[in-house]
Every structure is written in C-alpha cells, then in structure tokens.
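Hydrogens, waters and symmetry mates play no part in the numbers below; they use all other heavy atoms, side chains included. Positions are given from 1 along the sequence. Computed from a prediction, not measured in an experiment: that's the story for all the values here.
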Amino acid sequence: MSASGWFLVALVVLVAAVLAFRLLGRAASGRPTTSGEVGTVGLDDGARAEIHRLLAADKKIQAIKVYRERTGAGLRDAKVAVESLERGESLTPGPARWDDLVPRLTALKNEGQAIAAIKLLRERTGLSLLEAKNAVDRL
C-alpha cells in the first residue's frame, strides 16, 4: 500500500477514535443536572439583573447567552437554569456547599493555581472541563 493509502487509513481511524471518545464522554457525563447543580460562578448581581431584564423583554435566547458567557455552562445547563429563573425559582445553591466556592476559586486563581481551581469547580459542580475552565477564566 502506498504512503497516501496508509495516511488515509490513519486519518479514518483517528476520526473514528475522536467520535467514539466524544460519544463515550457524553454518555458518561449524561447524568441529568438541575439548576442548582449548574453552578453560578461568575453570575454576579449585574448578570442576574441582565438575565431578568432579557426575560422580561421576552428574549430568552439572549438571556441564555449571557448566562453561558458569565458561567461557562453548556447550552443545555444554561437553558435549564434560565428557564428556572423564568419560572421564578432561585439559582442560589444551598449555603453549606457553595458559600466558600467563589472565594476559594478566586484565591487559587490569584495564586497562579488555575488548574487547582478548575479541578475544585468540577468536583463541586459536575461541569465539564471546558465549562469549568471558562468559568475560572471569567473570575
């Protein structure tokens, strides 16, 4: 087989492996999340006010965008959270689990330990690696 033939075979195997990895990753993390588990890191009072304003103006998609930009949440989780707000529910998780999270994440990030902050956020919230990284970056 020629070099280009081997290259094509390797490329097909690589693409198949990437697709399988993504599907397995989604299946493994496929547990349902509630709005309390989504996390509100990066969602300050200004962002909450903006989301409420957008919902009042019947602009749910823009509200979901704001939520995603501020928290690093995925689309599904952001939609669940914004719809919870729309129903008048609170996004504030129980104090015992969350009160110390943002100060600890901020301190870790300021100490140059962003990876530790991302790991802590993932342990507490169940966010994906990318979502947790985006949320820590926004602190």
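Expressed to the nearest 0.5 Å, how far CZ of R48 lies from CZ of R70 amounts to 11.5 Å. Taking NZ of K79 as the start and CD of E86 as the end, the distance is 9.5 Å to the nearest 0.5 Å. Atom CG of N134 sits about 8.0 Å away from atom OG of S128, to the nearest 0.5 Å. Atom CD1 of I64 sits about 13.0 Å away from atom CZ of R76, to the nearest 0.5 Å.
For the side chain to side chain contact (heavy atoms under 4.5 Å, CB included) criterion with L121, the lone passing option out of L108, L129, L105, V102 is L105.
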Open item on the list: Please determine whether side-chain contact (heavy atoms from CB on, under 4.5 Å) holds for the pair E50 and R53, giving the CA-CA distance in whole Å, both sets of side-chain angles, and the decisive distance to 0.1 Å.
Closed with: CA-CA 5 Å; E50 175 72 7; R53 184 188 66 73; 2.7 Å; yes
- [ ] Carefully, step by step, assess K119 and I115 under the rule side-chain contact (heavy atoms from CB on, under 4.5 Å).
- [x] CA-CA 6 Å; K119 182 177 178 182; I115 293 173; 5.5 Å; no
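Using a distance-only test at 3.5 Å, with no hydrogens or angles considered, a donor-acceptor pair links the side chain of K109 to the main chain of V136.
Nearest heavy-atom pair, E131 versus G74, reported as atom, atom and distance to 0.1 Å: OE2-N, 2.6 Å.
Residue I61 places its CD1 atom among 12 or fewer non-hydrogen atoms of other residues, nucleotides or ligands, all under 6.0 Å distant.
At a threshold of 4.0 Å, the pair E83-K60 counts as salt-bridged, since one of the basic side-chain nitrogens sits closer than that to a carboxylate oxygen.
Cluster membership check: L75 shares its hydrophobic cluster with I51, using side-chain heavy-atom separations under 4.5 Å among Ile, Leu, Val, Met, Phe, Trp and Tyr.
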